[in-house]
Amino acid sequence: MKFSVSSSELLKRLQIVGGAIGSNPVLPILEDFLFTISNNRLRIAATDLETSITTEIEVMSDTDGVVAVPAKILLETLKALPQQPITFTVNEENFGIEITSAYGKYKLAGEDGQDFPNIPQPDTVDTLKINGAALTHGITKTIFAASNDELRPAMTGVYFQVDFNKLVLVATDAHKLVKYTFNEVGSEVSTSFIVPKKALNLLKGSLPEKDEVTVSFNAANAFFSFGDTELVCRLIDARYPDYNAVIPVDNPNTLTLARSDFQNSLKRIAIYANKTTNQVILNINDGSLTISAQDLDFSNEATEQLACTYEGDPLTIGFNAKFLVEMLNVLESDEVKIELSTPTRAGILLPAEEMEGEEILMLVMPVMLSN
Amino acid sequence: MDAFYASVEQRDHPELRGKPVAVGGSSLRGVVASASYEARQFGVKSAMPSVTAARLCPGLIFVKSRFEVYREVSQQIRGIFHTYTDLVEPLSLDEAYLDVTQPKRGPKSATLIAAAIRQQIRQETGLTASAGISFNKFLAKVASDINKPDGMKVIPPEEALAFLEQLPIKAFHGIGKVTAEKMRRMGIFNGEGLKRLSEIELVRRFGKAGRHYYRIVRALDDRPVNPNRIRKSIGAERTYREDIEDPAEMKEKLAYLAGVIFKYMQKSDNYGRTLTLKAKMPDFQIITRSKTFARELKRLEEITAVAYELLEEHREEMPRVRLLGLSVSNLQREQQAEGIQLEIDFEHPNLGNEPHEPDHF
């Protein structure tokens with residue numbers, strides 16, 4: 001088997017597919033790319049058995065065939081080569097691979113492609129179509145709120161709730177929660193599933209700006225297809241907590257203020273906060289917000305005052321500054337609205353004006369003040 | 001208290017009085033938890049393997065421990081302490097520091113209060129206690145060992161330095177066997193020798209502890225008697241009759257230990273973020289391996305599952321064990337001074353406005 005391809009085109013594809021390779025593969029062959037040639041097209045696949053990515057690229061080949069190529073050494077080689085056509089020659093007896101460039105020859109040991117694990121294929125018609133940039137947006141705005149707590153597997157992913165033309169993404173770690181709604185997706189089904197973080201991070205890095213993404217799903221897997229590329233991931237098999245029930249609808253106190261002023265102030269104050277809780281205290285009165293923090297261990301403390309609009313009773317409430325900064329980070333509006341109830345109940349963070357076609361709601365639990 | 005568990009047994013079982021008694025498992029694998037003074041004459045000590053104890057003292061009578069009873073007596077003596085001061089810092093079931101600078105009642109002299117307390121303990125429990133009286137915790141602790149059993153020792157400020165100079169290194173509370181041996185090899189046998197080393201030298205050789213040694217040998221100890229000593233961990237461990245090799249059996253034991261510590265956690269409503277697995281090998285080497293999570297482990301199934309994971313991940317390091325233990329640390333009660341991050345309660349979303357710390361779902 002022999003084929004020629006542009007080194008830079010190949011590298012671009014390999015870098016996307018390579019994201020699926022795990023840091024500590026359980027089988028040696030999972031450190032490889034699977035190359036499948038048929039009819040002058042090279043199909044490249046990689047997997048960690050949970051998440052798989054495949055893509056296709058035009059090549060010039062003499063015969064069809066399949067081989068597994070060690071990923072690390074191939075990627076390093078291509079990165080070190082200036083753009084040029086390169087030729088792969090594969091010995092079908094022992095899977096030895098020889099790469100020829102303008103400078104010389106490089107030999108590496110491949111493996112039998114037949115040993116490569118099968119990558120699941122979509123077998124259902126349940127699909128939804130969504131703009132690539134919009135999905136990237138949705139992932140960015142939710143994924144940071146997902147949990148790393150492997151004891152609560154449901155929360156380690158982002159919840160996709162498809163409701164005909166609406167798609168809701170939800171992420172939470174039980175301290176904070178983000179609910180992000182797209183109002184314009186193309187779907188004729190109503191269903192839900194939990195996508196693991198890794199797959200979403202990979203998607204975020206490889207989704208096209210303009211193209212549509214087709215999302216198909218069955219009970220076990222989700223398939224994201226765009227252009228020549230497809231990402232398959234195993235869904236998290238767990239029940240997602242009933243997030244709607246925990247979102248307060250009647251928080252009586254509303255604080256409105258400039259997003260970037262608030263965020264910058266929090267970043268400065270947080271430097272003086274206790275390092276385990278990152279606790280900052282918001283003291284809110286008509287028209288004035290005092291943000292303060294102290295770290296008793298080091299006798300550090302800081303206070304700032306910000307202008308705001310406030311409707312409600314005077315209130316003192318503590319929050320983890322890191323959470324607030326992360327949440328403000330994914331909002332785009334100039335002003336944000338914070339709806340509060342009591343110092344021990346959830347606060348709601350909203351943009352003062354919504355972006356077109358999307359709705360976002362964030363919930364954050366307070367840090368209870370000691371004494 | 002003097003030979004606490006053993007004395008309680010001798011009190012409740014008159015036939016044991018005047019005889020060498022060891023509380024603890026008599027089996028091959030047992031360990032002595034407490035030895036009567038009659039047994040100590042033969043060299044029997046607590047924490048000694050029962051086999052060794054039996055060899056040292058052929059007539060040794062082994063008695064099963066009855067912790068409910070010891071705990072009851074402990075409550076009784078703490079009750080007595082509290083009639084004199086609220087500044088009581090328990091060190092164990094049978095030992096406590098008391099700050100009687102401003103006693104609630106009784107004489108103004110610490111020595112007289114100590115005498116009164118010992119008298120009252122004898123009357124109410126039928127057991128003897130020893131006391132050490134001095135002007136800091138370290139000296140009081142060392143003094144309490146001097147005239148044991150049934151005695152007391154006062155170290156007044158003017159005698160402290162001379163007392164410490166003649167004190168053998170092994171009698172310094174807080175200097176362990178290994179450190180004492182290290183000092184012996186350096187030619188340090190008592191306080192006088194220890195005092196010759198500079199602070200820098202001590203820190204260089206013994207780390208942070210060196211600074212503590214430098215201070216205590218000069219009678220410098222300003223640690224307050226802390227009545228709310230915060231619990232740092234909750235744990236349980238068991239030594240087994242025979243070494244365990246079978247992973248399934250290890251799991252069974254871990255599940256049991258998880259149940260034991262979970263009961264304590266529930267009772268004290270105190271949960272931790274770190275779970276530590278401890279294993280003692282047949283050669284007495286001890287391995288501890290732990291996992292820390294972002295939040296407290298609040299369910300028995302979680303604790304058991306993490307314990308299994310720890311075992312599986314470190315299985316090769318502990319092929320055969322004679323002891324297994326589990327403990328949780330990073331307890332939430334420790335961190336309360338800093339404010340508590342509340343959690344969304346998905347299980348009870350409609351609870352009212354009451355401050356409420358959700359547990360889990």
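Chain identifiers are assigned alphabetically (A, B, ...) following the order of the sequence lines, protein sequences preceding nucleic acid strands; residue numbering begins at 1 within each chain. Note that the structure is a prediction, hence the values are computed from the model and not measured.
- Counting non-hydrogen atoms of neighbouring residues, nucleotides and ligands closer than 6.0 angstrom, the CZ atom of Arg211(B) reaches no more than 12 such neighbours.
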Go through the steps to decide whether Ile344(B) and Leu363(A) satisfy the test side chain to side chain contact (heavy atoms under 4.5 Å, CB included), and finish with yes or no. CA-CA 9 Å; Ile344(B) 302 172; Leu363(A) 178 156; 3.6 Å; yes
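- Taking every heavy atom of both residues into account, Tyr243(A) and Phe346(B) meet most closely at CA-CE2, 4.0 Å.
- Under a cut-off of 6.0 angstrom, the local environment of CZ in Phe293(B) is crowded, with over 12 non-hydrogen atoms contributed by other residues, nucleotides or ligands.
- Closest approach of Leu342(B) to His175(A), counting heavy atoms only: O-CD2, 3.5 Å.
- Within 6.0 Å of NZ on Lys104(B) lie more than 12 heavy atoms contributed by other residues, nucleotides or ligands.
- Crowding of Asn285(A) atom CG: a count of heavy atoms from other residues, nucleotides or ligands under 6.0 Å exceeding 12.
- Of the two parts of Ile247(A), neither the backbone nor the side chain holds a non-hydrogen atom closer than 4.5 Å to a non-hydrogen atom of chain B.
- Environment of NZ in Lys322(A): sparse, with no more than 12 heavy atoms of neighbouring residues, nucleotides or ligands closer than 6.0 Å.
- Environment of CD1 in Ile200(B): sparse, with no more than 12 heavy atoms of neighbouring residues, nucleotides or ligands closer than 6.0 Å.
- Only the side chain of Phe323(A) comes within less than 4.5 Å of a heavy atom in chain B; its backbone stays farther off.
- Looking at Ser147(A), there are no atoms closer than 4.5 Å to chain B (heavy atoms on both sides), in backbone or side chain.
- Side-chain contact between Gln341(B) and Asn320(A): present, with at least one pair of heavy atoms (C-beta onward) separated by less than 4.5 Å.
- The distance from the CD atom of Glu302(B) to the CG atom of Asp149(A) is 7.5 Å, given to the nearest 0.5 Å.
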